[in-house]
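As structure tokens, the structure follows; a few thoughts come after it.
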2 protein chains.
Amino acid sequence: MVRRASHEGEPSVSLSEGKGLPPAVVARLTVYLRALNSFLADDVDRVSSDALAEASGVSSSTLRKDLSQLGSYGTRGVGYEVENLLTHLSVAMGLTRDWRVAIVGAGNLGRALARYGGFETRGFDVVALLDTDPQIIGNEIGWLRVSDAANLEAVFERTRTNMAVLALPASAAQFVCDRVVAAGVRSILSFAPTILQVPPGVTLRKVDMATELQILAYHAQRGESGGETGQPSAGAPEAVDVAPADIQPPADTRPADMPPPAD
Amino acid sequence: MVRRASHEGEPSVSLSEGKGLPPAVVARLTVYLRALNSFLADDVDRVSSDALAEASGVSSSTLRKDLSQLGSYGTRGVGYEVENLLTHLSVAMGLTRDWRVAIVGAGNLGRALARYGGFETRGFDVVALLDTDPQIIGNEIGWLRVSDAANLEAVFERTRTNMAVLALPASAAQFVCDRVVAAGVRSILSFAPTILQVPPGVTLRKVDMATELQILAYHAQRGESGGETGQPSAGAPEAVDVAPADIQPPADTRPADMPPPAD
DNA sequence: TAGATTGTTAATCGATTAACAATC
DNA sequence: TAGATTGTTAATCGATTAACAATC
């Protein structure tokens, strides 16, 4: 392990390149990003590790350790500049390039995702929506017209898709997944309730509603007697429990993320 | 730590009661459940830890360690009885009681969830769908009629709701969450892209599409050069990568989980 | 300078893996 | 009995926490 005096905000090669960040850290960085955006929206321009940690629901120890893996972006005795840190985190997370997302499957879920505006504000462009059902192909949903999944490769090429979201039934998932991979997409988010196989070099993440409910069931059953509070999500860290009401995110001004209002 | 010769399949109080299972274990149990169901559907009635582990994407060491936390449900030299293990896992996860789920918010996402049949097959009954929009209240969606969220407490009581799914915009989330908690619900799954505060004794889990995409972005950016494969989900374990094609889940007969076909 | 807060180290804690004795 | 496979231990690995020296 190379020890070296970190000069200024240089990425300090420690882990940054060599091995990549631990998954737990990557998950937390997304939380910090959200918290920082919230501070930015409130015109706060400097935060201490204590304040940011509290807003993110982690210990300040963990926060500082996480940030120090990326480089030295704070100032001792002062704190972190919100905008500056935001920039550095975005770069570290790879959010500065263009991400063009295709949603494969225009069933209920696919349509809900397509209409959801939250991706764009986070820097992800939904560029295509595909399905195999003739009744659905050609329909306009959100800002998109549904393409024929038969032309998946052509659509991906035309739209320069580099991320895919699978909103498919389990039965079709592996087949379509293989095709998406063959088309050159290396980042896939699956909502299909089945275990998918992807070759090395392809990153697959999975979201499963039923799994989430099962985990809730476990805690509820246990919590029956004593009080228990669970949490984690998406491999992401937490900010649950009693948490001090004073740092409460301020009504979330800028449209944050997911589900649209009741239409 | 109390050491004791575990007699047969007795829950061996070790951790089962005292402290609860580690979160990582709980997440993996849901994966084992799915794999076991798949075996059951194929009329396989016995599995070795090796086979089940492979189907679940974990090491057999991890699998056996996990299962042994619940009790001794296998037979040395033989393996595990699929149906028997399934029962024990279901009990451990609290899936034997009635779970009645209300979906709060009937926007695109809420409607998609309501129409999705996958919950029922996993033992979760969707009993209510609520919204505040007069244009939506009263509409029939899936098997449900949309209730007025103004009567949330009454609806919850009538339907004996004990789990809530929040499919709301960030701006309304905390307010509604508080009301849901006040109504006595202690298990909440939120799709709102904001950090929610809940009192102790309430379990909150969060699913956030944008977070998932950001994590994908991180890996994609890194994977550029060398091959990298990410994975985890919902705090859940994995089964990714090259994985041997021979144990591939058999086309998933019984409807597994989430998104419905393209309508 | 005095006060504040970072970046980093060392200690603790928890989770995973490998190996094997127990036992069907 | 011989072969197989669990349940469990000990070793490794990684992540979190606490504490503090460095430094603005």
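Chain letters run A, B, ... following the sequence lines, proteins first, then strands; residues in each count from 1.
- In this structure, the CZ atom of A:R64 is 11 Å from the P atom of D:dA18, given to the nearest Å.
- From A:R122, atom CZ reaches atom OG of A:S90 across 9.5 Å, with rounding to the nearest 0.5 Å.
- Contacts of B:S49 with the nucleic acid, taken as non-hydrogen atoms under 4.0 Å apart, involve only primed sugar atoms and P, OP1 or OP2.
- What separates CG of A:L63 from P of C:dG7 is a distance of 10 Å, to the nearest Å.
- Atom C1' of nucleotide C:dG3 and atom CG of A:D50 are separated by 15 Å, given to the nearest angstrom.
- Atom P of nucleotide C:dG14 and atom CG of B:L21 are separated by 14 Å, given to the nearest angstrom.
- In this structure, the CG atom of A:L67 is 8 Å from the P atom of C:dG7, given to the nearest Å.
- A side-chain donor-acceptor contact under 3.5 Å links A:D66 and A:Y32.
- Figure legend. D:dC24 is base-paired to C:dG3; pairs are counted as Watson-Crick or G-U wobble with both atom distances under 3.5 Å.
- Across every strand in view, D:dA19 sits in a pair with C:dT8 that passes the Watson-Crick or G-U test at under 3.5 angstrom.
- B:D66 places its CG atom 10 Å from the C1' atom of C:dA15, with the value rounded to the nearest Å.
- Residue B:L70 contributes atom CG, which lies 14 Å from atom C1' of D:dT6 at whole-angstrom precision.
- With a 3.5 Å ceiling on both atom-pair distances, the Watson-Crick or G-U wobble partner of D:dC13 is C:dG14.
- Using a 4.0 Å cut-off between a side-chain N of Lys or Arg and a carboxylate O of Asp or Glu, B:E81 and B:R46 do not qualify as a salt bridge.
- Protein atom NZ of B:K65 is 11 Å distant from nucleotide atom C1' of D:dG7, rounded to whole Å.
- Taking every side-chain heavy atom of A:Y80 into account, C:dG7 is the closest of C:dT16, D:dT17, C:dG7.
- Taking every side-chain heavy atom of B:R76 into account, C:dT23 is the closest of C:dT23, C:dA18, C:dT5.
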